[in-house]
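Computed from a prediction, not measured in an experiment: that's the story for all the values here. Throughout, protein chains are lettered first and strands after them, A, B, ... in sequence-line order, and every chain is numbered starting at 1.
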Protein chains: 2
Amino acid sequence: MDKIDRKILTLLQKDATMPVAEIGRKVGLSTTPCWRRIQKMEEDGVIQRRVAVLDPAKVNVGVTVFVSVKTNEHNDAWMRKFSAVIDEFPEVVEFYRMSGEVDYLMRVVVPDIGAYDAFYKKLISKINLTDVSSAFAMGQIKYTTALPLDFAIVVDDDK
Amino acid sequence: MDKIDRKILTLLQKDATMPVAEIGRKVGLSTTPCWRRIQKMEEDGVIQRRVAVLDPAKVNVGVTVFVSVKTNEHNDAWMRKFSAVIDEFPEVVEFYRMSGEVDYLMRVVVPDIGAYDAFYKKLISKINLTDVSSAFAMGQIKYTTALPLDFAIVVDDDK
DNA sequence: GCTGAAACAGTTTGTTG
DNA sequence: CAACAAACTGTTTCAGC
């Protein structure tokens with residue numbers, strides 16, 4: 001991974017439809033070497049996939065709720081069970097195991113508070129949760145799928 | 001938006017490189033009408049863009065931190081200022097205005113705790129924040145850019 | 001409004017400097 | 001390694017149903 005790879009990734013994180021020839025032009029490479037670099041980063045799994053990003057409001061999931069869960073079950077089996085349950089809910093778009101006060105945190109997207117309540121009831125019917133608290137977002141000020149590349153390890157082999 | 005549109009979006013949210021002909025085959029449509037539907041959803045802004053999704057660990061941002069901010073400044077001007085500051089930090093990938101206890105919540109991605117500390121110092125040097133608390137994620141169990149389509153309004157004009 | 005085919009653009013591969 | 005060009009694959013447009 002060198003500076004050119006980073007530039008390529010920056011461009012692809014913004015717009016994955018950009019022709020390889022144009023990417024090449026922008027990073028100072030012709031089509032073939034640029035294409036090979038992209039190919040390699042896909043093989044290496046640096047680029048995981050290319051996806052379409054939708055407008056949440058336009059598909060009627062304009063409300064985000066952060067759900068914090070505390071539990072007494074601090075074991076691997078329970079975590080797997082919980083993960084499996086969450087996997088079945090497409091409205092849970094992010095799910096983290098936390099350190100500190102809260103044990104798990106998830107981001108849930110729904111149309112409105114009513115739909116959140118329905119989700120909540122369905123969730124607690126599927127798994128026994130000790131302590132759940134919900135925080136509603138009044139607005140999404142920033143959301144990006146683009147990761148910062150400032151920390152990426154630059155190997156820059158020979159030059 | 002009808003059931004076919006939803007199927008198309010489901011496929012494109014998973015893999016935006018799929019040829020239109022193949023999408024058509026999967027939803028029971030030939031290339032042209034399928035292409036027109038996709039085109040229309042892009043014009044309408046339902047599909048916002050197509051992006052490359054990277055592996056966080058492979059670009060050295062394997063650690064997620066949720067940062068909660070409470071403030072006394074409950075006015076629009078301050079919010080704009082705060083937003084503008086946050087926009088400058090690529091490590092902040094999500095930023096929400098919250099209801100309840102916490103006023104703002106952001107998700108920050110960094111390589112390690114040291115980098116988080118550097119981020120934190122830089123942040124508080126740019127804007128005066130009353131009460132900041134950080135919660136570290138020990139692991140990302142689920143992360144998807146795919147929104148649930150179960151809530152999307154089905155218009156289904158004539159049929 | 002769909003199908004099928006033709007025209008076009010972009011990708012992918014191979015040959016050469 | 002990069003450039004160039006040929007072959008291929010997918011996209012976009014258009015005529016006919």
Side-chain angles (χ1 to χ4, degrees), chain A residues 1-55 58-60 145-147 149 152-159, chain B residues 1-55 58-59 144-147 149 152-159:
Chain A
M1 166 103 42
D2 61 8
K3 283 187 174 181
I4 294 177
D5 284 332
R6 285 204 339 202
K7 274 192 193 173
I8 293 171
L9 291 177
T10 303
L11 293 169
L12 285 178
Q13 283 198 115
K14 268 210 212 77
D15 178 10
T17 67
M18 188 179 288
V20 181
E22 193 182 338
I23 298 171
R25 203 167 38 71
K26 293 203 184 194
V27 305
L29 236 51
S30 82
T31 311
T32 313
C34 183
W35 182 81
R36 271 192 224 291
R37 279 166 181 266
I38 295 170
Q39 213 59 15
K40 182 155 193 324
M41 291 192 285
E42 275 173 356
E43 276 168 30
D44 293 350
V46 177
I47 298 171
Q48 283 185 329
R49 58 198 185 290
R50 288 143 191 261
V51 301
V53 176
L54 310 187
D55 182 330
K58 297 237 164 87
V59 294
N60 198 27
T145 54
L147 302 174
L149 297 173
I153 315 285
V154 173
V155 184
D156 209 8
D157 299 330
D158 30 13
K159 284 186 248 176
Chain B
M1 164 108 39
D2 62 6
K3 283 187 175 181
I4 295 178
D5 285 333
R6 279 191 0 188
K7 274 192 193 172
I8 293 171
L9 291 177
T10 303
L11 293 168
L12 285 178
Q13 282 197 115
K14 268 209 213 74
D15 178 9
T17 66
M18 188 179 291
V20 180
E22 192 181 341
I23 297 170
R25 204 167 38 68
K26 295 205 183 193
V27 304
L29 237 50
S30 82
T31 311
T32 312
C34 184
W35 182 81
R36 269 192 226 291
R37 279 165 181 267
I38 295 170
Q39 213 62 13
K40 179 152 193 329
M41 291 192 285
E42 276 173 355
E43 275 168 29
D44 293 350
V46 177
I47 299 171
Q48 283 186 329
R49 56 196 188 287
R50 290 143 190 262
V51 301
V53 175
L54 309 187
D55 183 330
K58 297 237 163 89
V59 294
T144 179
T145 54
L147 302 175
L149 298 174
I153 315 284
V154 173
V155 185
D156 210 6
D157 298 333
D158 30 10
K159 286 187 246 182

(message) As a test of understanding, state which of B:Leu149, B:Thr144, B:Ile8 forms a side chain to side chain contact (heavy atoms under 4.5 Å, CB included) with B:Gln13.
(response) B:Leu149
(request) Mind running a 4.0 Å heavy-atom check of residues 6-20 of chain A against DNA chain C and sending the residues that fall below it, in number order? (result) A:Pro19, A:Val20
(message) Tell me the interatomic distance from B:Arg36, atom CZ, to D:dT12, atom C1', rounded to whole angstroms.
(response) 9 Å
(message) Once rounded to the nearest 0.5 Å, what's the spacing between atom CD1 of B:Ile4 and atom CG of B:Leu9?
(response) 12.0 Å
(request) Specify the separation, in whole Å, of atom CZ of A:Arg37 and atom P of C:dT11. (result) 17 Å
(message) Rounded to whole Å, how long is the line connecting atom NZ of B:Lys40 with atom C1' of D:dT12?
(response) 19 Å
(request) To the nearest Å, give me how far apart CD1 (B:Ile38) and C1' (D:dT12) are. (result) 12 Å
(message) Please confirm whether the shortest side-chain N or O distance from A:Trp35 to OP1 or OP2 of C:dT12 is below 4.0 Å.
(response) yes
Can you give the donor-acceptor pairs under 3.5 Å from side chains of residues 44-53 of chain B to other protein atoms, not counting sequence neighbours?
{"unit_1": "B:Asp44", "atom_1": "OD2", "unit_2": "B:Lys40", "atom_2": "NZ", "d": "2.7"}
{"unit_1": "B:Arg50", "atom_1": "NE", "unit_2": "B:Glu42", "atom_2": "OE2", "d": "3.0"}
{"unit_1": "B:Arg50", "atom_1": "NH1", "unit_2": "B:Ala16", "atom_2": "O", "d": "3.3"}
{"unit_1": "B:Arg50", "atom_1": "NH2", "unit_2": "B:Glu42", "atom_2": "OE2", "d": "3.0"}

(request) Nearest 0.5 Å please: distance from the CG atom of B:Leu147 over to the CG atom of A:Asn60. (result) 11.0 Å
(message) Please enumerate all residues that pass side-chain contact (heavy atoms from CB on, under 4.5 Å) together with A:Ser30, with sequence neighbours excluded.
(response) A:Pro33
(request) Residues of residues 27-34 of chain A with any non-hydrogen atom less than 4.0 angstrom from an atom of DNA chain D: list those, numerically ordered, please. (result) A:Ser30, A:Thr32, A:Pro33
(request) Take the protein atom CZ of B:Arg50 and the nucleotide atom C1' of C:dG10, then report the distance between them rounded to whole Å. (result) 15 Å
(message) Using 0.5 Å steps for rounding, measure from the CD1 atom of A:Ile23 to the OG1 atom of A:Thr10.
(response) 11.0 Å
(request) Sorted by first residue and then second, give each salt bridge (Lys or Arg N to Asp or Glu O under 4.0 Å) pair with at least one member in residues 4-15 of chain A; sequence neighbours left out. (result) A:Asp5-A:Arg37
(message) Holding to side-chain contact (heavy atoms from CB on, under 4.5 Å), I want the full list of residues that pass it with A:Ala21, two or more places apart in sequence or in another chain.
(response) A:Thr31
(request) Mind calculating the distance between CZ (A:Arg25) and C1' (D:dA2) to the nearest angstrom? (result) 18 Å
(request) Calculate the interatomic distance between A:Ile4 atom CD1 and D:dC1 atom C1'; express it in whole Å. (result) 11 Å
(message) Among residues at least two apart in sequence or on other chains, which ones pass side-chain contact (heavy atoms from CB on, under 4.5 Å) with A:Glu22?
(response) A:Met18, A:Pro19, A:Arg25, A:Lys26
